[in-house]
Amino acid sequence: MRYSDPLNNPWYYLDNFEIVLDWVRQRYHDLLLPEEADFIRKFRQTPRPARALLVRMIMRKGDVFRADKLRYPEIGCPLAALAALADTAWVDANPALTVDELFGLLLRSELGQLLAPLLANTGVAGATKAAQRQALLALNLEPRRLLQWAESAGKQPVVDPIYRLNIRALCDRLRLMFFGNLHQDWTEFVLADLGTHTYEAVSLDASSRAFQQREQIDAYLHLHQCRQELDEATDADALNILLARIPTEPYPNDWLEERRSKLLFRLGRHAERQQQWSVAESCYQRSAYREARTRRIRVLERNQQYTAAHELAQLALTDTTNDAEQQAVLRMMPRLQRLCGYASKKTASCPGIVRIDVTLPAPAQTTRIEEEVRQHLAEDAAPAFYVENALFNSLFGLLCWDTLFASVPGAFFHPFQHGPADLLHADFRKRRQSLFAEHFDQLHTGQYQETIRCNFERKAGVLSPFVYWGALPEQLLDLALDCIPAAHLKAAFERLLNDIRGNRSGLPDLIQFWPEQRRYRLIEVKGPGDRLQDNQLRWLDHFNRHGVPVSVCYVQRPVSS
DNA sequence: TAGTCTCGTG
DNA sequence: TTCACACGTTCCC
DNA sequence: GAACGTGTGTCTCACGAGACTAGA
Ligand SMILES: [Mn+2]
Ligand SMILES: [Mn+2]
């Protein structure tokens, strides 16, 4: 039976899961191991209640479930459904349970009965559930079946049968192959059906897929695993073990290599925090991440290798492709020169940015300081908005919508993408050079206004990596298009597109319009004790050089008497 | 028993 | 389960 | 001033059920 309306289909989640299975089988047949292909084949032959219950378990948190929490009207009796899986290894009945699993499955009152003597011996009989869990974890007990947990406490188990799902890893791999990442999950389908998320429709050909080789999938999973362990790693040994597990050689695939480099960078940050200078340095040295060289210079300095630090800093200054690096290294240079015994050259640093000073009384309730200043500056004839990065990014995203969602090979491979997969790659612009040129040309012809307004109407609510729909009322759009000259937009868009990751943030907090004079200004708000960040300074500098009116508003509080 | 939190749901 | 921003502290010139 | 670490709001939704906790 087919359900035309997905929201009235009681098996919607199963159908969605099977769409993924079909997708993977069709596009990845050459990258599947025999046992993986087997799983897909056998799954299709399994009775529907068993398939459905499996998918319910896959979508839920954790791997262990008690039968009385597996009641679904469309499935019926969970024991009957799972009986059909007896000859697979997909689910185990009555599995051994860790302390965490046991505490996740049983209520506090049930644990109190089942483990009464154990809890009493540990002295946490009346404590909170969290404290009891901690107490038992500290005993380092082996996993046990429920019956054995009860026996060890001299009690009979009081709850329903328990099952363990054994195919989590396989399902994660299938999910990764479909989405090309692990942060999207099975709920994307129903969220799209509900209209919670609307995705741009990009035509996908039957061969579009996120990965081209099985090693790429394995590498992704490996890096992901390492990153998860990094979050848990605390001691120095753990870092070294982790570092040894990261491949020495760069991956040939740019996307994976970016992930490898980023992981090495994070590892380096952890090592720095533990003052493991040589570990940190080798992390940064192996990493091509954008900030890696800056940190490497700093680590060399912190480890008193001043000459090496100075040399690397000089090398970095000859490579002007990375603005943020230039800025950071220029700031370090005088100190490094002094440490090396050279005469430090004074660097001219007077950006000449318009400065506003205001004194505002401390607000009654907690209001963001940007909002206070916005209200203070706004007038009837000169409305102001708190936009931060939203305005310029959104205007850019609306103007270049068709280019961003252009069906460039490899950029789109499933229906739930917020944007092209290569958005942050170095060659993103180059691969769309002529398309972007056309859109930028509209800033000369004046056509851009219609394009932006048109996409604002047509694409309203559709997810985009640049358009913040919630922060862009039509009134703001109208004022922006009326008051900001095309040349200013071009200056901003060029910089944004030249380094999307580095330049999509750091834009000033406020924008104020004088529609009668078709004039505007940008304002970065700074409270007491706050200072301009690097990316904010770089935008200010860029705006200054292109004649974009921008100022910094420093807020002071009146001295209390 | 009321408030808070986590999880499951479509 | 990140990212961008603000905020607070420490250290050094 | 420079550098570092931390806190905060935002994160892909709205809503309800159930579990836990603290305090009456
Ligand atoms: Mn801001
Ligand atoms: Mn600000």
Chemist: Which distance, rounded to the nearest 0.5 Å, do you find between the CG of Asp509(A) and the CZ of Phe385(A)?
Modeler: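 Going from CG on Asp509(A) over to CZ on Phe385(A), the span is 15.0 Å.
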Chemist: Quick one: side chain to side chain contact (heavy atoms under 4.5 Å, CB included) partners of Ala236(A), sequence neighbours excluded?
Modeler: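 Checked Ala236(A) against side chain to side chain contact (heavy atoms under 4.5 Å, CB included); matches are Gln274(A), Gln276(A).
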Chemist: Using the test side chain to side chain contact (heavy atoms under 4.5 Å, CB included), find all partners of Ala426(A) that sit at least two apart in sequence or belong to another chain.
Modeler: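 Ala426(A): no side chain to side chain contact (heavy atoms under 4.5 Å, CB included) contacts found.
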Chemist: Using the P atom on both, measure dT6(D) against dT2(C) and round to a whole Å.
Modeler: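 Result for the P pair: 15 Å, nearest Å.
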Chemist: With rounding to the nearest 0.5 Å, note down the distance linking CD1 in Ile353(A) to CG in Leu540(A).
Modeler: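 So the CD1 of Ile353(A) and the CG of Leu540(A) are separated by 4.0 Å.
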Chemist: Atom NZ of Lys526(A) to atom C1' of dA4(C): distance rounded to whole Å?
Modeler: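 The answer, rounded to whole Å, is 11 Å.
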Chemist: Is Asp185(A) salt-bridged to Arg175(A), cutoff N-O under 4.0 Å?
Modeler: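 Arg175(A) and Asp185(A): not salt-bridged.
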Chemist: Using side-chain heavy atoms (C-beta onward) and a distance below 4.5 Å, is Leu423(A) in contact with Phe466(A)?
Modeler: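 Yes, at least one pair of side-chain atoms sits under 4.5 Å.
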Chemist: Rounded to the nearest Å, what distance is computed from the CD atom of residue Glu370(A) to the C1' atom of nucleotide dG9(D)?
Modeler: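 Answer to the nearest Å: 12 Å.
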Chemist: Between N or O atoms, less than 3.5 Å apart, protein on one side and nucleotides 8-13 of chain C on the other: list the pairs.
Modeler:
none

Chemist: Tell me whether the side-chain N/O atoms of Gln536(A) come closer than 4.0 Å to OP1 or OP2 in dA6(C).
Modeler: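 Gln536(A) to dA6(C) OP1/OP2: side-chain N or O found under 4.0 Å.
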Chemist: Do any side-chain nitrogens or oxygens of Arg298(A) fall under 4.0 Å of OP1 or OP2 in dC4(D)?
Modeler: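 Yes.
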Chemist: Contact class for Gln132(A) vs. all strands (heavy atom < 4.0 Å): base, sugar-phosphate, or nothing?
Modeler: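 Touches nothing.
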Chemist: Between the side chains of Glu74(A) and Arg56(A), is the shortest nitrogen-to-carboxylate-oxygen separation below 4.0 Å, so that they form an ion pair?
Modeler: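 So Arg56(A) pairs with Glu74(A) through a salt bridge.
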Chemist: Whether Gln533(A) contacts dA4(C) is assessed here as follows: a side-chain N or O lying under 4.0 Å from the phosphate OP1 or OP2. Is that the case?
Modeler: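 Indeed not, no polar side-chain atom of Gln533(A) lies that close.
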Chemist: Side chain of Asp231(A): nearest nucleotide among dA3(D), dA22(D), dT2(C)?
Modeler: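 The answer is dT2(C), which lies nearest to the side chain.
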Chemist: Please check if any side-chain donor atom of Gln305(A) sits under 3.5 Å from a side-chain acceptor atom of Trp277(A), or the reverse.
Modeler: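 No donor-acceptor contact under 3.5 Å links the two side chains.
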Chemist: Between N or O atoms, less than 3.5 Å apart, protein on one side and nucleotides 16-19 of chain D on the other: list the pairs.
Modeler:
{"from": "dA19(D)", "atom 1": "OP1", "to": "Lys69(A)", "atom 2": "NZ", "distance (Å)": "3.1"}

Chemist: Return the value, rounded to whole Å, for the distance between atom CG of Asp193(A) and atom C1' of dT9(B).
Modeler: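 The distance from CG of Asp193(A) to C1' of dT9(B) comes to 14 Å, rounded to the nearest Å.
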Chemist: Out of the candidates Phe178(A), Phe17(A), Phe413(A), only one should pair with Trp23(A) under the ring pair (Phe, Tyr, Trp, His ring centres under 6.0 Å) rule; please name it.
Modeler: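 It is Phe178(A), the one option of Phe178(A), Phe17(A), Phe413(A) that forms the ring pair (Phe, Tyr, Trp, His ring centres under 6.0 Å) with Trp23(A).
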Chemist: Between dA6(C), dT12(D), dG10(B), which nucleotide has the shortest distance from any of its atoms to the side chain of Tyr12(A)?
Modeler: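 Side chain of Tyr12(A) sits closest to dG10(B).
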Chemist: For the P atoms, the ones on dG23(D) and on dA19(D), what distance do you get once it is rounded to whole angstrom?
Modeler: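 It works out to 23 Å between them.
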Chemist: Please name all residues satisfying side chain to side chain contact (heavy atoms under 4.5 Å, CB included) with Asp499(A), sequence neighbours left out, ordered by chain then number.
Modeler: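 Scan of Asp499(A) (side chain to side chain contact (heavy atoms under 4.5 Å, CB included), adjacent residues dropped) gives Arg290(A), Arg501(A), Asn503(A).
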Chemist: What residues form a salt bridge (charged side-chain N to carboxylate O under 4.0 Å, His left out) with Arg108(A), not counting sequence neighbours?
Modeler: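 Partners of Arg108(A) under the salt bridge (charged side-chain N to carboxylate O under 4.0 Å, His left out) test: none.
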Chemist: If I pick the C1' atom on dT1(C) and the same atom on dC7(B), what distance separates them, to the nearest angstrom?
Modeler: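 Roughly 16 Å separates the two C1' atoms.
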Chemist: Start at the 5' end of DNA chain C and walk down; is the nucleotide closest to Gln228(A) or to Arg368(A) reached first?
Modeler: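 Residue closer to the 5' terminus by nearest nucleotide: Gln228(A).
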Chemist: Taking dA4(C) as the reference, what is the distance to dC13(D) when you measure between their C1' atoms (whole Å, please)?
Modeler: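 It comes out at 23 Å once rounded to the nearest Å.
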Chemist: Distances under 3.5 Å between protein N/O atoms and the N/O atoms of nucleotides 5-8 of chain D, please, pair by pair.
Modeler:
none

Chemist: Measuring from atom CG of Asp530(A) to atom CD of Glu524(A), what distance do you get when rounded to the nearest 0.5 angstrom?
Modeler: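 Those atoms lie 7.5 Å apart.
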Chemist: Not counting sequence neighbours, which residues clear salt bridge (charged side-chain N to carboxylate O under 4.0 Å, His left out) with Arg259(A)? List them please.
Modeler: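 For Arg259(A), no residue satisfies salt bridge (charged side-chain N to carboxylate O under 4.0 Å, His left out) once neighbours in sequence are set aside.
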Chemist: Taking atom C1' of dA2(D) as reference, at what distance in whole Å does atom CD of Gln327(A) sit?
Modeler: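 Atom CD in Gln327(A) sits about 13 Å away from atom C1' in dA2(D).
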Chemist: Using both pair distances under 3.5 Å as the test, note the stems of at least 3 consecutive Watson-Crick or G-U pairs that include DNA chain D.
Modeler: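 Result, WC/G-U stems under 3.5 Å: B:1-10 with D:13-22, C:3-11 with D:1-9.
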Chemist: Quick one: which of Gln228(A), Glu229(A), His222(A), Arg227(A) gives a side chain to side chain donor-acceptor pair (under 3.5 Å) with Gln225(A)?
Modeler: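 Answer to the side chain to side chain donor-acceptor pair (under 3.5 Å) test with Gln225(A) among Gln228(A), Glu229(A), His222(A), Arg227(A): Glu229(A).
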Chemist: Taking OP1 and OP2 of dC5(C), is either one under 4.0 Å from a side-chain nitrogen or oxygen of Ser505(A)?
Modeler: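 Ser505(A) to dC5(C) OP1/OP2: side-chain N or O found under 4.0 Å.
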Chemist: Supply the atom-to-atom distance Asn16(A) CG to Leu21(A) CG, rounded to the nearest 0.5 angstrom.
Modeler: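 It is 11.0 Å, given to the nearest 0.5 Å.
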Chemist: Would you measure the distance from the P atom in dT12(D) across to the matching atom in dG16(D) and give it in whole Å?
Modeler: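 23 Å, rounded to whole Å.
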Chemist: Leu336(A) CG to dA3(D) P: how many Å, rounded?
Modeler: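 The distance from CG of Leu336(A) to P of dA3(D) comes to 9 Å, rounded to the nearest Å.
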Chemist: Check whether any side-chain N or O of Arg335(A) sits under 4.0 Å from OP1 or OP2 of dA3(D), and answer yes or no.
Modeler: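 True: Arg335(A) side-chain N/O within range (under 4.0 Å) of dA3(D) OP1/OP2.
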Chemist: Given atom CG of Asp185(A) and atom P of dG10(B), what is their separation to the nearest angstrom?
Modeler: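 Those two atoms, CG and P, are 14 Å apart.
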Chemist: I'd like to know whether the aromatic ring centres of Tyr13(A) and Trp186(A) sit less than 6.0 Å apart in this structure.
Modeler: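 Centroid distance Tyr13(A)-Trp186(A): not below 6.0 Å, so no.
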Chemist: Which one, dC5(C), dG10(B), dA2(D), comes nearest to the side chain of Leu194(A)?
Modeler: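 Out of dC5(C), dG10(B), dA2(D), the nucleotide with an atom closest to Leu194(A)'s side chain is dG10(B).
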Chemist: Using the C1' atom as the reference point in each nucleotide, state the distance between dA14(D) and dC3(C) in Å, no decimals.
Modeler: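 One C1' to the other, the span is 24 Å.
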Chemist: Do NZ/NE/NH1/NH2 and the carboxylate oxygens of Arg538(A) and Asp323(A) come within less than 4.0 Å?
Modeler: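 Looking at Arg538(A) and Asp323(A), the cut-off is not met.
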Chemist: Quick one: Asn181(A) CG to dT12(D) C1', roughly how many Å, whole number?
Modeler: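 Going from Asn181(A) (CG) to dT12(D) (C1'), I get 13 Å.
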Chemist: Identify the pairs formed between an N or O of the protein and an N or O of nucleotides 4-8 of chain B at a distance under 3.5 Å, and give each distance.
Modeler:
{"from": "dC7(B)", "atom 1": "OP1", "to": "Lys61(A)", "atom 2": "NZ", "distance (Å)": "2.3"}
{"from": "dG8(B)", "atom 1": "OP1", "to": "Arg60(A)", "atom 2": "NE", "distance (Å)": "3.3"}
{"from": "dG8(B)", "atom 1": "OP2", "to": "Lys61(A)", "atom 2": "N", "distance (Å)": "3.3"}

Chemist: Please identify each residue that fulfils side chain to side chain contact (heavy atoms under 4.5 Å, CB included) with Glu188(A), with sequence neighbours left out.
Modeler: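 Once residues adjacent in sequence are excluded, the partners of Glu188(A) under the side chain to side chain contact (heavy atoms under 4.5 Å, CB included) criterion are Phe179(A), Gln184(A), His197(A), Tyr199(A), Phe416(A).
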Chemist: Under 4.0 Å: is that the gap between some side-chain N or O of Arg295(A) and OP1 or OP2 of dA3(D)?
Modeler: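 Negative; the distance criterion is not met.
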Chemist: Quick one: salt bridge (Lys or Arg N to Asp or Glu O under 4.0 Å) pairs with a partner in residues 263-285 of chain A, sequence neighbours left out?
Modeler: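 Salt bridge (Lys or Arg N to Asp or Glu O under 4.0 Å) check on residues 263-285 of chain A returns Arg269(A)-Glu272(A), Glu272(A)-Arg295(A), Glu272(A)-Arg302(A), Glu281(A)-Arg296(A).
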Chemist: Which part of the nucleic acid, if any, lies within reach of Glu188(A) when heavy atoms closer than 4.0 Å are counted: base, sugar-phosphate only, or nothing?
Modeler: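 Glu188(A): no heavy atom of the nucleic acid under 4.0 Å.
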Chemist: Whole angstrom is fine here: how far is it from CG in Asn389(A) over to C1' in dA6(C)?
Modeler: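 Going from Asn389(A) (CG) to dA6(C) (C1'), I get 14 Å.
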